[in-house]
Amino acid sequence: MINITFPDGNVRQYAEGTTALDVAKSISEGLARVVLAASINGEVRDLSRPITSDSTIVFHKWDDKEGKQTYWHSSAHLLAEALEALYPGTKFGIGPAIDNGFYYDVDTGDRVLTPADFSKIEQKMLELARTKSEYKRTEVSKADAIKYFTEKNDEYKLELIDGLEDGQITFYQQGNFTDLCRGPHIPNTENIKAVKVLNLAGAYWRGDIERKQLTRIYAITFPKQKELEEYLVMIEEAKKRDHRKLGQELELFMFSEKVGAGLPLWLPKGTALRQRLEDFLKKEQIKRGYQPVITPHIGSKKLYVTSGHWEKYGADSFQPIRTPQEGEEFLLKPMNCPHHCEIYGYRPRSYRELPVRFAEFGTVYRYEMSGELHGLTRVRGFTQDDAHLFCTEDQLKDEFLGALDLTRFVLAKLGFDKFTAQISLRDPENKSKYIGTDEVWEKSERAIIEAAAEAGLTTTTELGEAAFYGPKLDFMVKDALGRSWQLGTIQVDYNLPERFELEYVGSDNAKHRPVMIHRAPFGSLERFVAVVIEHTAGNFPLWLTPEQAVVLPISDKYLDQSRKMLELLKESDIRASVDERNEKIGRKIRDAEMAKTPFMLVIGEKEAEAGTVAVREHGQGDLGTMTPAQFSELVKARIDQQLKRN
RNA sequence: GCCACUUUAGCUCAGCGGUAGAGCAGCUGAUUCGUAAUCAGCAGGUCGAGGGUUCAAAUCCCUUGAGUGGCUCCA
């Protein structure tokens, strides 16, 4: 007999070799029907694997992450089985579960799959699921595994097997499909009741751009049809929040084929929004001892040869601008740091003036690959809320913590409570991608790790994600569809001060090298605004929104009074306009609601006589009649409330 | 950059070999109205661009721009 310990601490005895499914059944038939996998001593396993020693057990159902992952991974095998049935000769790469569903990378030879094939694939998957096939696990020798996939002529699986050790190889089979797989899987295909093939994409085999591109088929499955329908509705709702759609509808920004891909044009309303963000941060930076500077949009090529950017990115960038002068070349600036380094170095610096903090909303141009461009989140010309802090090594930690605090302050004021902080370090396997010595890198990386820990920040760590000149702490926020974007960034850099030979004179009257911190709390205005749009669905905080109120006269008779009201609002610094169209009030309200204008101020006979407005709030309805002073107080109170949260 | 798809009026879309259509927006007029669409009329497009096939191309083919979903990349 063995002891099985349950999550609540309860211990029960079972025969040795019992399975998790048996244990579930011993608790209730109901549990046994819905359980998908089980963690035995912390390892997620098939329900049918025998348990041979004292163990802890946690059951995984559809409602937990492990349950869903197992379910979707098994669904990927079902997709593969369907593809093999429909398109014999298809070769298979990998087919993992992802956050929402799963994919399988396949090589369909000369056949090109299109969305027209989706329903056929879905039908086949459902048909196969209804055969109630078990997922059967078998351990195979490496030789047998190689033999099987050699006969099947699947070079991708053979390559995967090549990287595995003999004795660790398992196959899973359901129906007529056998796959190389570590598992675990759900017990039976019958649990898969609803299927949706979502989209197709190309994906390089093993993520290597040099290798063949396979077709990646994304799909999702559910135990109930209703859940699939709810998911599809959710996706549709998320698409309504897309910043590209809202940016057009709310007239915030546009792109022009003639201007060029990835070069956004900010419309008046978008500019109003963006400038408020800029003003907000500029004011805060002044408070925190930053000094604004301004530098040109181009710089001599020599500047970037010095910084190392030319060597690193020159060939893949916007190419140099030539002048009538032979041999003279300028680059559109891809970043502001070299310019700021020159400002630091224009005269000798004393330790007494450090740290210095140069801040600039600097517009930079980077030739991103065409396939990378994505609305405002990935563009070729964008403005960083950049600043470079030059300090002594002793000051490094405090300066880093200060930048960290500012970044968190900015995110909090804009209502981003869900973000992840990622420490991006050098890839120790591929040091040639970076400039600078090991010693300098180790110092920089240690500084970031220690400062983040000291600030009590929960972080993840990614190797190989560092900038070429130094490690970074990045703040990542998700968009409406769950895609992660890097916003704020703080980077420690020992390298550029070295390359630009920056110095300060210490208290010992000797020359020393300062350390540099690059930091941008928004990251870029473009990306930040995009993410703000998606988070708020266009219902911006009152202090940020381009237009706070619109005055709606009931008819032409009240136009004069409405215009007077607008003047009063302007005196109270409320951004507003009058809807002077000859339309019914219902129409004006509808349009204002659709434009997401926070307040609608209706003026008819009663209000005109009393000098008041009937206030309606977006999404809330009628708030009653107010004097202009009362309304102005209401707006101020709302703004204070929105800015108070931390 | 790579794979797949998309590209028709300001916007959303229909038309998919026989010489361009709707709704909304716009303009003009009527209406002067109380909390999510007043009525009528008018105007608006070399069907992203360039080639080709055909008696005939928005429609089929090729090249190319832009966009979408991914991959790769991201100073």
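So that the names make sense, note that chain A is the first sequence line, chain B the second, and so on, each numbered from 1. Since the structure is predicted, the reported quantities are computational estimates derived from the model, not experimental observations.
- Residue A/Val112 has its side chain nearest to B/rA4 when only B/rC73, B/rA4, B/rA66 are considered.
- Taking the ring centroids of A/Phe358 and A/Tyr344, they lie at or beyond the 6.0 Å cut-off.
- Comparing the C1' positions of B/rA57 and B/rG52 gives a spacing of 11 Å, expressed to the nearest Å.
- Using a 4.0 Å heavy-atom cutoff across all strands shown, A/Ala592 reaches no nucleic acid atom at all.
- Heavy-atom neighbours of A/Lys564 NZ from other residues, nucleotides or ligands within 6.0 Å: at or below the threshold of 12.
- Considering only side-chain atoms of A/Lys557, the nucleotide from B/rA36, B/rG1, B/rU32 that sits closest is B/rU32.
- At least one side-chain heavy atom of A/Met565 sits less than 4.5 Å from a side-chain heavy atom of A/Val613.
- When the P atom of B/rC33 is taken as reference, atom CG of A/Asp579 falls 17 Å away, rounded to whole Å.
- Here the nucleotide nearest the side chain of A/Leu373, chosen from B/rA4, B/rG34, B/rG67, is B/rG67.
- B/rG1 and B/rG17 have their C1' atoms separated by 36 Å, given to the nearest Å.
- Distances from the side chain of A/Tyr204 to the nucleotides B/rU35, B/rU72, B/rU12 place B/rU72 closest.
- Side chain to side chain, A/Gln491 and A/Tyr469 meet the donor-acceptor criterion of an N or O pair below 3.5 Å.
- For A/Met369, the listed nucleotide lying nearest its side chain is B/rC73; candidates were B/rC73, B/rA66, B/rU68.
- Judged by a 6.0 Å distance limit and a 45° cone about the ring axis, A/Lys478 is not positioned over the six-membered ring of A/Trp485.
- Here, B/rA56 and B/rU63 have their P atoms 23 Å apart, quoted to the whole Å.
- Ring centroid separation for the pair A/Phe390 and A/His340 does not come in under the 6.0 Å cut-off.
- The residue A/Ala201 sits close to a base: some heavy atom pair falls under 4.0 Å.
- With no hydrogens or angles considered, no side-chain donor-acceptor pair links A/Thr377 and A/Glu526 at under 3.5 Å.
- Nucleic acid contact class of A/Lys472 (heavy atoms, under 4.0 Å, all strands): sugar-phosphate only.
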Secondary-structure string, 5' to 3', Watson-Crick or G-U under 3.5 Å, | for another-strand partners, for RNA chain B: (((((((..((((....[..)))).(((((.......))))).....(((((..]....))))))))))))....

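- Computed from coordinates, the A/Asp242 CG to B/rG67 P distance equals 14 Å when rounded to whole Å.
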Steps toward salt bridge (Lys or Arg N to Asp or Glu O under 4.0 Å) verdict (A/Lys245, A/Glu249): CA-CA 6 Å; A/Lys245 183 175 161 64; A/Glu249 286 172 5; 3.1 Å; yes

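- Neither OP1 nor OP2 of B/rA36 sits under 4.0 Å from any side-chain N or O of A/Lys588.
- Checking B/rA36, B/rG1, B/rC74 against the side-chain heavy atoms of A/Glu593 singles out B/rA36 as nearest.
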Distances under 3.5 Å between nitrogen or oxygen atoms of protein and nucleotides 24-28 of chain B:
unit_1, atom_1, unit_2, atom_2, d
B/rA25, OP1, A/Arg587, NH1, 3.4
B/rA25, OP1, A/Arg587, NH2, 2.1

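- The six-membered or imidazole ring of A/Phe631 lies near that of A/Phe599, with a centre-to-centre distance under 6.0 Å.
- Distances were taken from every side-chain heavy atom of A/Val602 (C-beta onward) to each of B/rC71, B/rC33, B/rG34; the shortest belongs to B/rG34.
- If you check every strand for non-hydrogen atoms under 4.0 Å, A/Lys584 touches a base.
- The side chain of A/Arg483 contributes an N or O atom lying less than 4.0 Å from OP1 or OP2 of B/rG70.
- Nearest to the side-chain atoms of A/Ile585 among the listed nucleotides B/rU35, B/rC11, B/rU72 stands B/rU35.
- You won't find any donor-acceptor pair under 3.5 Å spanning the side chain of A/Glu368 and the base of B/rC74, going by distance alone.
- B/rU7 sits 29 Å from B/rA43 when the P atoms are compared, rounded to a whole Å.
- Aromatic ring pairs are classed by plane angle as parallel below 30°, tilted from 30° to 60° and perpendicular above 60°; the pair A/Phe528 and A/Phe522 is tilted.
- The phosphate of B/rG69 (OP1 or OP2) has a side-chain N or O of A/His374 nearer than 4.0 angstrom.
- Nucleotides B/rG44 and B/rA9, compared at atom C1', are 6 Å apart to the nearest Å.
- Listed pair A/Gln248 / B/rU12 meets the phosphate criterion, a side-chain N or O lying under 4.0 Å from OP1 or OP2.
- Of the N and O atoms on the side chains of A/Tyr367 and A/Asp316, not one donor lies less than 3.5 Å from an acceptor on the other residue.
- Side chain of A/Tyr218, nearest nucleotide from B/rA66, B/rC71, B/rU38: B/rC71.
- Across the C1' atoms, B/rA14 and B/rU8 are found 10 Å apart, a figure rounded to whole Å.
- At a threshold of 4.0 angstrom between heavy atoms, the contacts of A/Gly308 with the nucleic acid are absent.
- Under 3.5 Å, the side chain of A/Glu605 and the base of B/rC33 form no donor-acceptor pair of N or O atoms.
- Residue A/Asp556 is classed as a base contact, given a heavy-atom separation below 4.0 Å to a base.
- Taking 4.0 angstrom as the limit, A/Ser370 places a side-chain polar atom (N or O) nearer than this to OP1 or OP2 of B/rG1.
- One can find a donor-acceptor pair under 3.5 Å joining the base of B/rG34 and the side-chain atoms of A/Glu607.
- Residue contacts shown for A/Val364 are absent, as no nucleic acid heavy atom lies under 4.0 Å away.
- Nucleotides B/rC60 and B/rU53 have their C1' atoms positioned 8 Å apart, rounded to a whole Å.
- Here the side chains of A/Thr363 and A/Phe382 are not in contact, with every heavy-atom distance at 4.5 Å or above.
- Side-chain atoms of A/Arg616 and base atoms of B/rA36 include a donor and an acceptor less than 3.5 Å apart.
- In this structure, A/Arg378 reaches the bases: a heavy-atom distance under 4.0 Å links it to at least one base atom across the strands shown.
- Spacing between B/rA58 and B/rG50 at atom P, rounded to whole Å, works out to 12 Å.
- The separation between A/Glu210 atom CD and B/rC71 atom C1' is 14 Å, rounded to whole Å.
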